[in-house]
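Not measured: the values here are computed from a predicted model.
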4 protein chains.
Amino acid sequence: MLPAGRPKFKRRKAERPEEIVAAAMEVFAEKGFAAARLDDIAARAGVSKGALYLYFETKEDLFRAVIEQGLAPNLGRMQAALVEHRGAFPELLRAFAAIAVGIATDTPVGGIAKMVIGESRNFPELARAWRERMVEPALGAMSGAIAAAQARGELRAGDPRHAAISLVSPMLLGVIWRETFVPVGAEPLDIPTLAQQHVELWLRGMRPDAGAAA
Amino acid sequence: MLPAGRPKFKRRKAERPEEIVAAAMEVFAEKGFAAARLDDIAARAGVSKGALYLYFETKEDLFRAVIEQGLAPNLGRMQAALVEHRGAFPELLRAFAAIAVGIATDTPVGGIAKMVIGESRNFPELARAWRERMVEPALGAMSGAIAAAQARGELRAGDPRHAAISLVSPMLLGVIWRETFVPVGAEPLDIPTLAQQHVELWLRGMRPDAGAAA
Amino acid sequence: MLPAGRPKFKRRKAERPEEIVAAAMEVFAEKGFAAARLDDIAARAGVSKGALYLYFETKEDLFRAVIEQGLAPNLGRMQAALVEHRGAFPELLRAFAAIAVGIATDTPVGGIAKMVIGESRNFPELARAWRERMVEPALGAMSGAIAAAQARGELRAGDPRHAAISLVSPMLLGVIWRETFVPVGAEPLDIPTLAQQHVELWLRGMRPDAGAAA
Amino acid sequence: MLPAGRPKFKRRKAERPEEIVAAAMEVFAEKGFAAARLDDIAARAGVSKGALYLYFETKEDLFRAVIEQGLAPNLGRMQAALVEHRGAFPELLRAFAAIAVGIATDTPVGGIAKMVIGESRNFPELARAWRERMVEPALGAMSGAIAAAQARGELRAGDPRHAAISLVSPMLLGVIWRETFVPVGAEPLDIPTLAQQHVELWLRGMRPDAGAAA
DNA sequence: TATGAATGAGTTTTCATTCAT
DNA sequence: CATGAATGAAAACTCATTCAT
């Protein structure tokens with residue numbers, strides 16, 4: 001798999017920035033921007049403090065890189081899921097939920113979300129970027145899909161954006177729970193099950209044939 | 001000599017702590033713990049930096065007081081709503097939702113939540129306290145009410161805790177949205193409408209007479 | 001004993017300054033000038049912090065008053081002992097030693113000495129005052145008495161100032177020991193016995209009829 | 001651009017701690033612990049304030065290091081003198097006195113003693129350490145040597161510890177005099193002469209063949 | 001490139017001193 | 001006279017950033 005010629009030892013240079021960003025990600029997520037110390041980041045990345053400055057101009061730059069890096073990869077996965085939706089809405093939704101659970105489980109979105117939330121006033125561009133490039137696209141795609149399904153008569157009428165929020169919010173709560181309360185002794189949430197139950201609940205609640213609630 | 005009034009300082013032993021905590025609440029919510037400067041808090045409270053130390057031993061103490069103070073008042077309101085539940089579950093739920101919307105709208109829970117989330121690793125006791133005294137009671141009461149309604153046949157079967165999370169999570173998203181994205185240019189969410197629509201969706205989704213989903 | 005008309009309660013005003021100086025004496029001796037807090041002194045004196053400023057302009061002033069006060073009373077006692085010396089030198093010396101032991105035992109000279117030593121560079125006037133009004137008079141009188149006794153043939157020849165120092169230094173060591181090491185667990189020195197043994201040793205060592213030493 | 005030389009800072013990991021301790025020794029001895037400013041110490045050591053914290057955690061730590069450092073070197077010299085005592089007691093004593101005078105003259109014991117005395121209540125561990133590792137060993141060794149000489153009939157009977165105190169106390173007075181009164185205008189004591197005269201006086205006073213004093 | 005000792009501006013904290021009551 | 005809340009200047013301490021090596 002690895003292109004030949006790549007020496008196992010001394011695999012420096014190219015990887016350095018990523019290693020640093022990865023270490024920074026951990027420390028920033030744990031402490032927040034201001035309380036994170038470059039000393040700690042450097043130590044966790046296994047480099048000297050001075051080395052950080054070979055790759056990033058300032059602490060803020062490094063922070064931006066961390067947030068930025070958390071942004072890119074997931075976008076594609078999510079977009080894809082919604083774009084290539086063929087078939088009935090419920091199937092689409094279940095497929096999407098599976099992907100979202102995967103992201104929540106495998107990636108540090110939780111930590112990133114925590115940071116974006118916590119530092120939104122100190123780094124407004126980052127909050128803005130996250131909303132424009134992550135939140136709105138996702139919410140928009142979801143709303144669009146919902147609106148389309150409503151138009152096809154698959155879902156009952158109602159504001160699609162609110163419906164989308166109803167749909168995704170437990171995922172947010174899930175990752176926040178993991179970041180906030182689990183490290184402090186709380187029982188972890190069973191995110192896959194939670195997501196699945198919620199999706200079914202949501203689908204029933206949005207079924208068009210149903211009469212008025214209550 | 002002094003041209004009347006404008007004393008160099010006022011003495012207001014009784015009111016001061018609250019004023020300081022209120023100012024600190026704003027600044028901490030805006031900047032986070034580490035980035036908040038006591039200078040700013042003092043200025044916003046209209047006192048000297050030294051005065052802070054007449055009422056709080058350290059910056060951390062002040063922070064704790066802020067979080068603590070955000071804890072107390074809401075507890076009662078929420079508990080009350082669920083305890084004095086008479087009548088069918090839907091009514092209880094709508095009443096509860098109204099109260100929750102009120103809290104989300106009138107109080108700085110949003111800012112507090114942001115801080116609890118962001119500083120949970122730096123102040124684990126606070127995260128713990130919030131979970132034990134705010135989150136778990138609320139989630140527990142809600143789960144209990146749901147379980148009771150399920151037992152009475154008013155709601156369909158399923159894990160009541162997950163159902164409770166499905167129910168409350170949009171409120172969390174709502175306050176976080178307000179704290180995180182609105183200051184950065186996002187359209188505010190219409191929390192009352194969102195909450196109401198979600199409650200109705202949830203109730204339909206939990207209706208026992210419905211057939212299997214999808 | 002008390003002149004009639006002195007009410008037992010409300011015996012304020014006149015005594016205040018002394019009470020404050022006494023409290024300050026304790027705190028300064030314990031902590032040193034810089035580390036002593038006016039809060040503590042006020043508390044120990046049983047007055048408010050502001051009240052200190054009714055009697056002393058600054059912390060330094062209060063300190064000066066403390067040192068000054070430790071100066072005055074003992075001077076007289078010592079001087080007197082040496083001036084009214086009638087009879088042979090040994091008797092004079094024993095009488096003087098008894099008085100010195102009394103001062104060392106009954107008064108806070110130890111604490112004062114500690115402070116004068118420790119703050120001599122920060123308050124040179126005080127060190128100077130102590131030398132000029134306490135140390136030099138005492139040493140001078142002693143040297144004078146020794147010189148006179150030497151002239152009379154009662155003591156062997158030699159620099160009388162050095163002899164005086166040889167004579168009094170164990171007293172200094174005694175009070176310093178009490179201030180420094182006893183609070184930290186050391187066995188107290190038996191100052192009276194030490195003084196008496198030392199005086200006898202000194203007298204033997206200064207006896208004129210003795211042959212060359214060793 | 002830089003006109004050769006004059007680098008903004010030097011790197012001297014190895015030497016720095018000693019330089020700092022030396023500078024701190026001076027400033028602490030001059031001002032006392034509380035009144036000494038780290039700014040001054042840093043300036044005198046030729047480093048920035050921050051550099052102090054590369055080597056010492058707190059101001060207290062630095063102070064401890066200063067006291068500790070004053071402790072170590074002298075111990076050996078003193079012990080050695082007493083241990084290798086061969087020959088009659090007077091010779092031993094004169095040799096010891098010479099060493100003690102050397103220490104008093106060449107080293108900053110005076111300043112250290114001043115600090116130990118002045119800060120004994122604020123740093124009890126230091127006072128304790130000094131007593132246990134400096135004062136008691138010295139006094140103990142001296143008492144032991146005296147007791148041995150008494151047993152051999154070289155010295156007259158009497159409490160050897162008191163005799164030891166009688167013997168060494170002028171040295172204490174000498175260093176304190178230098179630290180306290182000389183900087184304030186007093187004539188320096190001629191410590192070597194004082195010590196020598198005192199030793200002879202003491203030897204005569206302890207001679208066994210003498211009759212009762214007076 | 002990489003290091004890490006050194007810097008210095010910035011922040012928390014202390015406390016003598018003031019002053020409205 | 002007396003109080004003690006409030007001030008503000010000063011001092012300890014932190015840490016992002018620089019730079020000689």
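- Considering only side-chain N and O atoms, C:Tyr55 lies under 4.0 angstrom from the phosphate OP1 or OP2 of F:dA2.
- Minimum atom distance to the side chain of B:Leu38 is reached by E:dT13, of the listed E:dT17, E:dT13, E:dT3.
- Contact annotation for A:Ala35: no contact, since no heavy-atom pair falls under 4.0 Å across all strands.
- Contact annotation for B:Ala36: backbone-only contact, meaning every heavy-atom pair under 4.0 Å involves sugar-phosphate atoms and none involves a base.
- Note on B:Leu54: a base of the nucleic acid sits closer than 4.0 angstrom, heavy atoms only.
- Put simply, CZ on A:Arg37 is 15 Å from P on F:dT17, counting in whole angstrom units.
- Heavy-atom minimum distance, A:Ala127 versus B:Val184: CB-CG2, 4.0 Å.
- On the C1' atoms, F:dT21 is 13 Å away from E:dT1, given to the nearest whole Å.
- Comparing atom distances between the D:Ser48 side chain and each of E:dG8, E:dA2, E:dT12 picks out E:dG8 as nearest.
- Each of B:Ala51 and A:Lys59 was assigned the nucleotide of DNA chain F with the nearest heavy atom; the assignment lying further toward the 5' end belongs to B:Ala51.
- Considering CZ of C:Arg64 and CG of C:Leu126, their distance stands at 6.0 Å, rounded to 0.5 Å.
- The two atoms that bring B:Phe28 and B:Ala36 nearest to each other are CD2-CB, 3.5 Å, heavy atoms only.
- Under the Watson-Crick or G-U wobble criterion, with both distances below 3.5 Å, E:dT12 is paired with F:dA11.
- Between A:Arg16 and E:dT1 there is no side-chain N or O to OP1 or OP2 distance below 4.0 Å.
- Distance, B:Lys31 NZ to E:dT11 C1': 14 Å, rounded to whole Å.
- The distance from atom CG of C:Asp40 to atom C1' of E:dA16 is 13 Å, rounded to the nearest whole Å.
- Residue A:Tyr53 places at least one side-chain N or O under 4.0 Å from the OP1 or OP2 atom of F:dT17.
- Atom pair B:Glu19:CD and F:dA6:P shows a separation of 9 Å (rounding to whole Å applied).
- Within the nucleic acid shown, A:Lys49 comes within 4.0 Å of at least one base atom, counting heavy atoms only.
- The separation between B:Leu62 atom CG and E:dT13 atom C1' is 14 Å, rounded to whole Å.
- Atom-to-atom, CZ of C:Phe63 to P of E:dA16 comes out at 14 Å; the value is rounded to the nearest Å.
- Contact annotation: the side chain of A:Phe56 approaches that of A:Ile20 to within less than 4.5 Å [non-hydrogen atoms, C-beta and beyond].
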Given A:Glu68 and A:Arg133, is the salt bridge (Lys or Arg N to Asp or Glu O under 4.0 Å) satisfied, shown in steps?
CA-CA 10 Å; A:Glu68 197 66 29; A:Arg133 293 164 56 192; 2.6 Å; yes
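- Rounded to whole angstrom, the span from the CG atom of D:Asp39 across to the C1' atom of F:dA9 amounts to 14 Å.
- If you find the closest nucleotide of DNA chain F to B:Leu52 and to D:Glu57, the one lying nearer the 5' end belongs to B:Leu52.
- Computed from coordinates, the C:Phe56 CZ to E:dA16 C1' distance equals 16 Å when rounded to whole Å.
- A distance-only check finds a donor-acceptor pair linking the side chain of D:Lys59 to the backbone of D:Phe33 [under 3.5 Å].
- Across all strands shown, E:dA20 forms a Watson-Crick or G-U wobble pair with F:dT3, both key distances being under 3.5 Å.
- Both B:Gly50 and D:Gly46 lie near DNA chain E, and the one whose nearest nucleotide falls closer to the 5' end is D:Gly46.
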